[in-house]
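The structure appears below as structure tokens.
These numbers come from a predicted model, not from an experiment. Just the heavy atoms: all of them, side chains too, but no hydrogens, waters or symmetry mates, feed the values below.
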Amino acid sequence: MTSRGAGPALSRKNYRLSTEPEKSKVAGIVNSRLLNDYLHRVFTSADGNQPAAAYRKHLTFQNLQEHLDRLLAEENGPEDSRDQGAEGRLGPSTVVLDHTSGFEGLLLVDDDLLGVIGHSNFGSIRATTCVYKGKWIYEVLISSQGLMQIGWCTLNCRFNQEEGVGDTPDSYAYDGNRVRKWNVTTTNYGKSWAAGDIVSCLIDLDEGTIAFCLNGISLGTAFDNITRGAGMAYFPAISLSFKESVAFNFGSRPLRYPVEGYHPLQDPPVADLVKARRLLGYLKNVIHIGIDVTEGKLVEKDTSMWQLQGEPTVLITLAHIFNYFSPLMCKVYLVEDVLMTFLLSILERGGAVEAHPLIQQLLDLMWLLMEEYEVHECLKQLLMSLLRAYRFSPIIPDLGLQIHYLRLTIAVLKHEKSRKYLLSNVLFDVLRSVVFFYIKSPLRVEEAGLQELIPTTWWPNRFTKEGKESKDVKEESAEERLRRRAYERGCQRLKKRIEVVEGLQVQILKLLLNNKDRGGGEASRYIFLNKFRKFLQENASNRGNLTVLCPPEYMVCFLHRLIAALRFFWDGHKAKTPAALSSDEAYVPPQLFYNGKVDYFDLQRLGGLLSHLKKTLKDDLAAKANVLIDPAELQSVTMDDLDEDEESATSAAQSQRPSAALAIGGALARPGWLSSPTLGRANRFLSTAAVSLMNPRRPLGTLEKVKVRTLSVEQRTEEDIEGTHGNEGLLLGRPPEEPDQPITENSLLEILDGIVMMYNLSVHQQLGKMVGVSDDVNEYAMALKDTEEKISRCPKRRRDIHEELLKSQKVFSEKLNHLSRRLAWINVTIYSKEKMQDIYWLLRVCIRTIEHGDRTGSLFAFMPEFYLSVAMNSYSALKNYFSPVNSMEELPGYEETLMRLAAILAKHFADSRIVGTDIRDSLMQALASYVCYPHSLRAVERIPEEQRISMMKNLLAPYEQRPWAQTNWILVRLWRGCGFGYRYTRLPHLLKTKPEDASLPSLQKPCPSTLLQRHMADLLRSDRDLAPSFLNSVLNQLNWAFSEFIGMIQEIQQAAERLERNFVDSRQLKVCATCFDLSVSLLRVLEMTVTLAPEIFLDWNRPSSELLLRRLAQLLNQVLNRVTAERNLFDRVVNLRLPGLESVDHYPILVAVTGILVRLLVDTDAQGAERATAVMLADPCFQLRSIQYLLGHAEPSALAAAAPASEKRHFSLNTYTEYISTEELAKVDKMLSHLSEESKQAAATTLPTSEEDLCPICYAHPISAIFRPCSHKSCKACINQHLMNNKDCFFCKATITGVDDFTKPASS
């Protein structure tokens, strides 16, 4: 079938043919008798009866138009129906939302004035038409399920930001979010609504009642005896909170759920409707009736296989029909009611879409016989109607409605010319076509038929106290096993049905990704690529603008379908090109990130801004990748950056004023995702704010020009992407490290890159959100189990308690039945094994991409940050979100993938090529989480030794000038399980409380790594500079953290002691607890160092050992004195047990200090113990009672004072026998007796020192050092510590060149 552009066009204005016989022979027109019979059979009268041949008029193509005019005029008759319908109604015949005066608050309204998005606390808007008698109906398509009140109001109703429809007299509303009805007061009514539902609002002004329906099911009369009479007319109205969105149907489209006796507010186009149906009947007749020219008679034809085989008679007949039919097909009501219904009826016969070529033939006819603008409008309205029907169809058990609409969408998109037009102008520009790939989740499982599909429900009910499913419990009972298997069979039935829909969705994408349909222009895939990139740009650049963002639940489904389609084409290319890679080895080559062929908008690169990288790495680009940066481009890039900075600064300043920011929001050139399911361009911004940048009362004209960076992708062609001979397309600038082998088609690489970006934009966040249903099931299961246990223990005489418990049991069981069916749906659509494999495939793609990028050296900096984010997040999703249903361990190559990811984290968390603080923090957090779990820690131990040692060296870098808390936490996790009393998962005093989330990394059982500890010990011993710099930084941070902690608890204590009611800021409590946790973890790192490499402190041949030991002793004594003093500050704050300070207790900090002391004083050789003891006792802060406190030996004075309150227990390590072994306790005893003995001897031998001989800095030690050249004096400890950070003399500020030992001369 030729298209209009291919040959002479049939003009609708004049295509009557000559009657000359030779002309008819040439044209192939059949003889006049047969033509007359044919035309009478096609164009039957309204009653369907054909007059007898003798009485009927002879028809030819010359008088056919006149005959058609007469037939169509018969149909239209008197137009009394329209007048009758208008009675009882006031206002324009076309009903829309009143955007000039009928609103309150901030609202975004669509171009068609039927869709609205709330942009303030509680905005309200009404329609332009009201009713005062009769029965009326309108429909509301719910796009988001939040807080809205939908109904009717009068002109007198005055709304504000707190009161909306239903909150004033003479306004009535239904609220499906809270399941209530509103008319000044409120009561329970109806059912809860969900996104994708349709609410019908009915008013009967003859009886004075208002009712509502949800998806065609009546919710009953909501209000009766409503006010009627003179001056009382009711407008459709809605109030909606921020971000909520709906679309209205007042009758501009066929009502989805009409109710008998009720009229839509807007009259249907009755005359056009009758005409269109009549013309469609003629069209069907043409398809049914064939002409057998050889026999000279008419024959019935099989419609499904009908083809227009160049028969002029049929073609001219069709041209006459389309002359009338085409203008009608530009109207949305007629497209939906007539054309879509007819096309759907063709597919109703079943079979594959390919088995119905009639739809392709009809589309050919439309392109041939309709004006181009008419075809465009008709296709646009048809796709809109299909999308609306798909999105707002209720879920039924076999998903039949969704399948029906998807099949027609496939049939339309199979037509090449229609597909290309829709791709170029409609699918992404006007429609939110991603909706086609979404399968909505039913909120009300009963209506979705899940009870029939999954008759038996089941949920895991074997839980530990932490709420985690317990593995090591007795076998499930026979009854439980039967229930579980029945539930799993139900889930399988559901899965098969959903897979049918998913298969159709993938088919749509395969059509859009077709790269072989080059007839008449560019192949579909390249049009799709450019639109897809723009779609990604909008979602990446408008993170704050919710009206443009694609909702994350749509994005998840789109991602999975796109992966399926991509892998289909990727493996198809591999089959044709054996040298190429299979989709299992897919990755994105590094040259895409720097050759400028793919636009990454303003997304952050690993090395910073692109303009900065182009300047600093231009030589590397030229040398390695042969990519030359034009100096002029560098200059323009710099200027662009300045302009953008200015623009972003002004927009940031404007965003301080909410009305201004919203006014800018009105300038969106794209449909609002949340708003109407039609065009949805949020181009009208309505505001009743007192101060606004624009006058909301005037209709909006063209908006001021906004500078937008144009996308280079818009101009790209197939050649730019795929490349040709001598042109590598997207792969320009291959670095020498990259293998010279084909990967796949370049266009597929760009789609793969887009998929990774999509995961980063919102898919990961949605995967985490949907786990909430599983958590709810666990909570209810625990509550049910608890209730059942209480019932079994309830005494028989307490029937009242027994009945209440039975009621609770029933409520929990019903909720669990509902949730377990909903969870089945979510597990099939989001967490199924196939979806898990998709995310795993994506993880492996990211790992390979990062590995290839890493090999390029400095060019690695060009990689966008989101590749590293997706690698970390997808692993996290596989581990945490999919695990209840599917185990990650079953995935192919799981161990190797884990190891490769570990290598990436170990290498790049301290990579100098990565400059972004956020991504560096994320890498560090991911590594910290990695070392908390045994299987991932083993993966870290399996990476090459060189990388392991490099990782440990980076962890031991000095803590100054970098975020050190995470790296310190990593070292602590590697040690946990080896330290003194450090084998606990949760602190002893917190065991009785339930953890917020038992799966948190910090709540995992200890799993120390002796291999990595050994690397750490080797590094500290071998590198003479590394150990002192690392340990000094740890001691500095400990000093800071503990000092901050003490300062804060002083403030908290003062606040608690005030008589007036006081309030301690929860943030202050959180910071206080964090400082305490940091102090404990720093002490544990010191314990780890002292244990693994004691010589750093005790071998005084090392230059800094004595100084380090003195500093350590000083800090340990300070901590002990602060924590162990009787009735001290620490004691009092711990006993307050404030929420937020749960982790603050004696045990964690005292066992950490004890561990260090035991290692220095007991678990070492005699010389080491002697040195450590001398330093401890020499410290002026040392108090023996602090050591005695550890074992519960209180001071005599304290015991006497505490005699009345004998119930108060003193802290003692002896009470923690489950946490501290007897061997460890024996060492503490030994240490106490050793220190007691040594301190007595020291006290006996110490000679009194005159004040003149004491160090003038600390007044604790005698003077022992003299400075060169200024000859001032102090003790060695003070000057050594001072020289670590400063080279100036304490006293005269002269630069110190050397320090000599000082001994007081005997003569003095």
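- No side-chain donor-acceptor contact under 3.5 Å links Ser252 and Gln266.
- The distance from atom NE2 of His356 to atom CD of Glu348, rounded to the nearest 0.5 Å, is 10.0 Å.
- Rounding to the nearest 0.5 Å gives a distance of 6.5 Å between NZ of Lys531 and OG of Ser424.
- Under the 4.5 Å side-chain criterion, counting only non-hydrogen atoms from C-beta, Leu423 is in contact with Ser524.
- With a 4.5 Å cut-off on side-chain heavy atoms, Leu334 and Leu339 do not count as touching.
- Using a cut-off of 4.0 Å between Lys/Arg side-chain N and Asp/Glu carboxylate O, Lys331 and Glu377 are scored as not salt-bridged.
- By the 4.5 Å heavy-atom criterion applied to side chains, Tyr554 and Gln766 are not counted as neighbours.
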Should Asp272 and Arg277 be marked as a salt bridge (charged side-chain N to carboxylate O under 4.0 Å, His left out) after you check the CA-CA gap, both sets of side-chain angles, and the distance that decides it? CA-CA 9 Å; Asp272 285 346; Arg277 285 176 181 156; over 6 Å; no
For Glu336 and Gln381: C-alpha separation, side-chain torsions, deciding distance, then whether side chain to side chain contact (heavy atoms under 4.5 Å, CB included) applies. CA-CA 8 Å; Glu336 196 164 314; Gln381 297 296 353; over 6 Å; no
Checking side chain to side chain contact (heavy atoms under 4.5 Å, CB included) for the pair Asn285/Thr44: CA distance, chi angles, key distance, verdict? CA-CA 9 Å; Asn285 290 343; Thr44 53; 4.2 Å; yes
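- Between Phe250 and Trp136, the ring center distance fails the sub-6.0 Å criterion.
- Within the 3.5 Å criterion, the main-chain N or O of Ala237 finds no donor-acceptor partner in the side chain of Arg126.
- Closest approach of Phe392 to Ser143, counting heavy atoms only: CZ-OG, 4.1 Å.
- Using a 4.0 Å cut-off between charged nitrogen and carboxylate oxygen, Glu502 and Arg561 count as a salt-bridge pair.
- Here the closest non-hydrogen pair linking Phe212 and Val199 is CD2-CG1, 4.4 Å.
- Taken to the nearest 0.5 Å, the OH atom of Tyr373 stands 6.5 Å off from the SG atom of Cys330.
- Under the 4.5 Å side-chain criterion, counting only non-hydrogen atoms from C-beta, Leu214 is in contact with Asp197.
- The backbone N or O of Leu265 lies less than 3.5 Å from a partner atom in the side chain of Arg89, making a donor-acceptor pair.
- A donor-acceptor contact closer than 3.5 angstrom is absent between the side chains of His376 and Asn425.
- The pair Lys534-Glu538 does not count as a salt bridge, with every side-chain nitrogen at least 4.0 angstrom from each carboxylate oxygen.
- In terms of heavy atoms, Trp193 sits closest to Gly146 at NE1-O, 3.6 Å.
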Tell me, with the steps shown, if Ile203 and Lys135 meet side chain to side chain contact (heavy atoms under 4.5 Å, CB included). CA-CA 6 Å; Ile203 189 166; Lys135 296 180 176 183; over 6 Å; no
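- Panel note: side chain Lys420, backbone Glu522; a donor-acceptor pair is recorded below 3.5 Å.
- The backbone N or O of Lys284 lies less than 3.5 Å from a partner atom in the side chain of His288, making a donor-acceptor pair.
- In terms of modelled atom types and a separation under 3.5 Å, the side chain of Asn177 and the main chain of Gln145 share a donor-acceptor contact.
- The shortest heavy-atom contact between Leu202 and Trp152 is O-NE1, 4.0 Å.
- The two residues Trp367 and Ser418 make their nearest non-hydrogen contact at NE1-OG, 2.9 Å.
- In this structure, Phe322 and Phe325 have perpendicular ring planes: the angle between them is above 60°, well past the 30° mark.
- Using a 4.5 Å cut-off on side-chain heavy atoms (C-beta onward), Gln149 and Tyr174 make no contact.
- Salt bridge status for Lys417 with Asp517: absent, with no side-chain N to carboxylate O gap under 4.0 Å.
- In the model, Thr128 has no side-chain atom that pairs as donor or acceptor with a side-chain atom of Asp98 under 3.5 Å.
- No side-chain heavy atom of Val500 sits under 4.5 Å from any side-chain heavy atom of Leu399.
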Can you list, pair by pair, the side-chain donor-acceptor contacts under 3.5 Å of residues 436-443, counting residues two or more places apart and other chains?
residue: Lys440; atom: NZ; partner: Gly196; partner atom: O; Å: 2.9
residue: Lys440; atom: NZ; partner: Arg391; partner atom: O; Å: 3.2
residue: Lys440; atom: NZ; partner: Ser393; partner atom: O; Å: 2.8

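- Atom CD1 of Ile150 sits about 7.0 Å away from atom OH of Tyr138, to the nearest 0.5 Å.
- A donor-acceptor pair is defined here as one N or O able to donate and one able to accept, closer than 3.5 Å; such a pair exists between the side chain of Asn249 and the backbone of Gly251.
- Put simply, the side chain of Phe43 reaches to within 4.5 Å of the side chain of Thr317, judged on heavy atoms.
- Between the CZ atom of Arg525 and the CG atom of Leu509 there is a distance of 12.0 Å, given to the nearest 0.5 Å.
- Here the shortest heavy-atom pairing between Ile321 and Leu283 reads CD1-N, 4.0 Å.
- The existence of a salt bridge linking Arg253 and Asp337 is excluded, since no basic side-chain nitrogen approaches an acidic carboxylate oxygen closer than 4.0 Å.
- Of the possible polar contacts, none joining the Glu244 side chain to the His119 backbone as a donor-acceptor pair under 3.5 Å is found.
- Side-chain atoms of Phe103 and Leu97, non-hydrogen and from C-beta on, never get closer than 4.5 Å to each other.
- A distance of 5.5 Å separates SG in Cys550 from CG in Asn539, rounded to the nearest 0.5 Å.
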For Val109 and Val96: C-alpha separation, side-chain torsions, deciding distance, then whether side chain to side chain contact (heavy atoms under 4.5 Å, CB included) applies. CA-CA 11 Å; Val109 178; Val96 291; over 6 Å; no
